[in-house]
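One structure is given below, encoded as structure tokens.
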Amino acid sequence: QIQFSGKEKISLNAMETRLVCGDAATEGWGQIPFNQAESFLRAFLQQRGYQEPKFDPGPEVLTVDPGKKTFVRSFTVTGLPPEIKPGKLRKIKGQAMTPGLLDNAKAALLGTLQNRGYACPEIEMQGNGTTGELSAEVRPGDVHVFSHIRPKKTDEVYPQIFSRYEAFRRGQRFDSRLLDLTARRTMADSLFLNAYFEVDCSTGGMVITERVTAGKPQLYKLGVGFDTEGFFIGKAQWLNSRLGTRSNSMGISAYTSFRE
């Protein structure tokens with residue numbers, strides 16, 4: 001049995017309750033040892049901002065005092081390049097300190113650096129659950145430029161066709177947003193179901209690899225509706241976006257309305 005003490009009201013969802021209290025209907029989960037329940041509860045409470053809970057295991061009851069929530073009192077970032085200011089991260093101060101908050105702050109710093117040419121930064125986040133101090137140590141690494149892109153190898157299309165969707169130029173300063181734009185362009189042309197880039201960093205430098213998931217080359221669209229005067233309208237479209245290995249496209253559209 002789990003019992004919460006203190007002034008804070010803690011509510012567990014159904015899955016958390018099963019992990020902490022067990023489930024008689026599931027084999028092997030009928031009874032949860034207190035040390036295992038404590039491990040789960042500590043993680044659940046930290047996700048809610050309670051960084052210093054106290055546990056008192058008794059013969060029959062595990063008493064849990066979640067303590068007080070820890071809020072971010074200060075946020076310090078060291079190692080950023082001079083041209084980058086962590087202004088967008090000021091809203092972190094005053095929020096409950098949780099693992100998710102640290103992940104979001106790290107992701108924001110990573111995105112800011114990668115949007116300005118620092119493709120391979122290293123960021124170490126640390127939070128003090130007692131004082132509410134949050135810090136980030138940044139090692140930005142070198143500024144990179146777009147050079148060779150490893151295209152997806154496929155027998156259906158020439159690898160060179162991927163260059164038609166590129167939103168960047170060779171020699172241009174690296175910007176992760178341009179990779180996202182390139183991926184969206186690739187999918188918008190109905191060539192592939194999914195497209196994204198992997199950026200790998202090593203002592204040998206940066207390597208960008210394109211990953212795609214091929215879809216069916218033929219696309220059918222059918223739309224029906226009514227115009228402003230209440231007359232029926234309809235439109236049908238057929239598109240083959242992958243004719244030959246050069247991925248030429250051909251489409252046919254038909255439009256009809258009650259008036260016509």
Side-chain angles (χ1 to χ4, degrees), residues 43 46-51 69-152 162-189 192 194-213:
Q46 287 179 345
Q47 291 171 1
R48 292 164 168 81
Y50 300 95
Q51 301 301 323
K69 276 190 177 183
T70 300
F71 294 92
V72 178
R73 298 181 181 274
S74 65
F75 181 39
T76 306
V77 183
T78 59
L80 277 178
E83 70 272 20
I84 298 179
K85 308 296 182 183
K88 293 183 178 180
L89 298 176
R90 293 175 182 172
K91 295 181 180 180
I92 287 180
K93 187 176 179 179
Q95 294 191 42
M97 184 180 290
T98 65
L101 181 68
L102 269 66
D103 291 340
N104 292 339
K106 182 176 181 178
L109 285 170
L110 182 65
T112 299
L113 289 162
Q114 290 186 329
N115 292 345
R116 289 166 173 78
Y118 300 92
C120 307
E122 296 180 3
I123 303 173
E124 182 178 351
M125 302 292 301
Q126 289 187 344
N128 189 314
T130 302
T131 64
E133 296 175 343
L134 180 63
S135 64
E137 181 181 349
V138 178
R139 293 180 290 277
D142 298 327
V143 174
H144 292 269
V145 297
F146 289 109
S147 55
H148 175 66
I149 308 294
R150 290 180 179 175
K152 169 69 176 181
F162 295 107
S163 61
R164 72 172 69 159
Y165 305 107
E166 291 179 356
F168 50 84
R169 302 183 305 275
R170 298 298 189 272
Q172 182 178 353
R173 190 167 180 161
F174 179 87
D175 189 332
S176 61
R177 294 170 295 187
L178 298 179
L179 293 179
D180 294 337
L181 178 57
T182 300
R184 291 197 299 269
R185 286 179 175 179
T186 304
M187 291 187 291
D189 207 16
F192 302 98
N194 188 29
Y196 63 96
F197 291 88
E198 291 181 351
V199 180
D200 297 318
C201 302
S202 65
T203 55
M206 176 188 68
V207 177
I208 302 176
T209 305
E210 184 167 26
R211 305 292 187 186
V212 297
T213 302

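- Checked by atom type and distance alone, the side chain of Arg170 never pairs as donor or acceptor with a backbone atom of His148 at under 3.5 Å.
- Scanning all heavy atoms of the two residues, the minimum distance from Gly94 to Phe71 falls at O-CD2, 3.4 Å.
- Of all heavy-atom pairs spanning Thr98 and Arg48, the tightest one is CG2-C, 4.1 Å.
- Looking only at side-chain heavy atoms (C-beta outward), Met97 and Leu102 come within less than 4.5 Å of each other.
- Listed here is the closest heavy atom pair of Ser74 and Glu133: OG-CG, 3.6 Å.
- Nearest heavy-atom pair, Ala183 versus Ala195, reported as atom, atom and distance to 0.1 Å: CB-O, 3.3 Å.
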Name each donor-acceptor pair under 3.5 Å that joins a side chain in residues 120-127 to protein atoms two or more places apart or in another chain, with its distance.
from: Glu122; atom 1: OE1; to: Arg139; atom 2: NE; distance (Å): 3.2
from: Glu122; atom 1: OE1; to: Arg139; atom 2: NH2; distance (Å): 3.4
from: Glu124; atom 1: OE2; to: Gln126; atom 2: NE2; distance (Å): 3.3

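- With sequence neighbours excluded, the residues satisfying ring-ring contact (aromatic ring centres under 6.0 Å, His included) with Phe146 are Phe168, Phe174.
- Considering only heavy atoms from C-beta on, Ile208 stays 4.5 Å or farther from Ser147 through its side chain.
- Contact detail for Leu113 and Pro81: the closest heavy-atom pair is CD2-CD, 3.8 Å.
- Looking only at side-chain heavy atoms (C-beta outward), Ile84 and Val138 stay at 4.5 Å or farther from each other.
- Atoms OG1 and OH, from Thr209 and Tyr196 in turn, are 10.0 Å apart once rounded to the nearest 0.5 Å.
- At least one donor-acceptor pair under 3.5 Å links the side chain of Gln114 to the backbone N or O of Ala119.
- With rounding to the nearest 0.5 Å, the separation of CG in Asp180 from CZ in Phe197 is 9.0 Å.
- Take Asn115 and apply the side chain to side chain donor-acceptor pair (under 3.5 Å) test, not counting sequence neighbours, and it matches Ser176.
- Here the straight-line distance linking atom CZ of Arg173 with atom NE2 of His144 works out to 11.0 Å at 0.5 Å rounding.
- Side-chain N or O atoms of Gln95 include none that pairs as donor or acceptor with a backbone N or O of Leu101 at under 3.5 Å.
- The heavy-atom pair separating Phe75 from Ala105 by the smallest distance is CZ-CB, 4.4 Å.
- Proximity of a side-chain donor or acceptor of Thr182 to a complementary backbone N or O of Ala167 within less than 3.5 Å is detected.
- At least one donor-acceptor pair under 3.5 Å links the side chain of Thr70 to the backbone N or O of Gly129.
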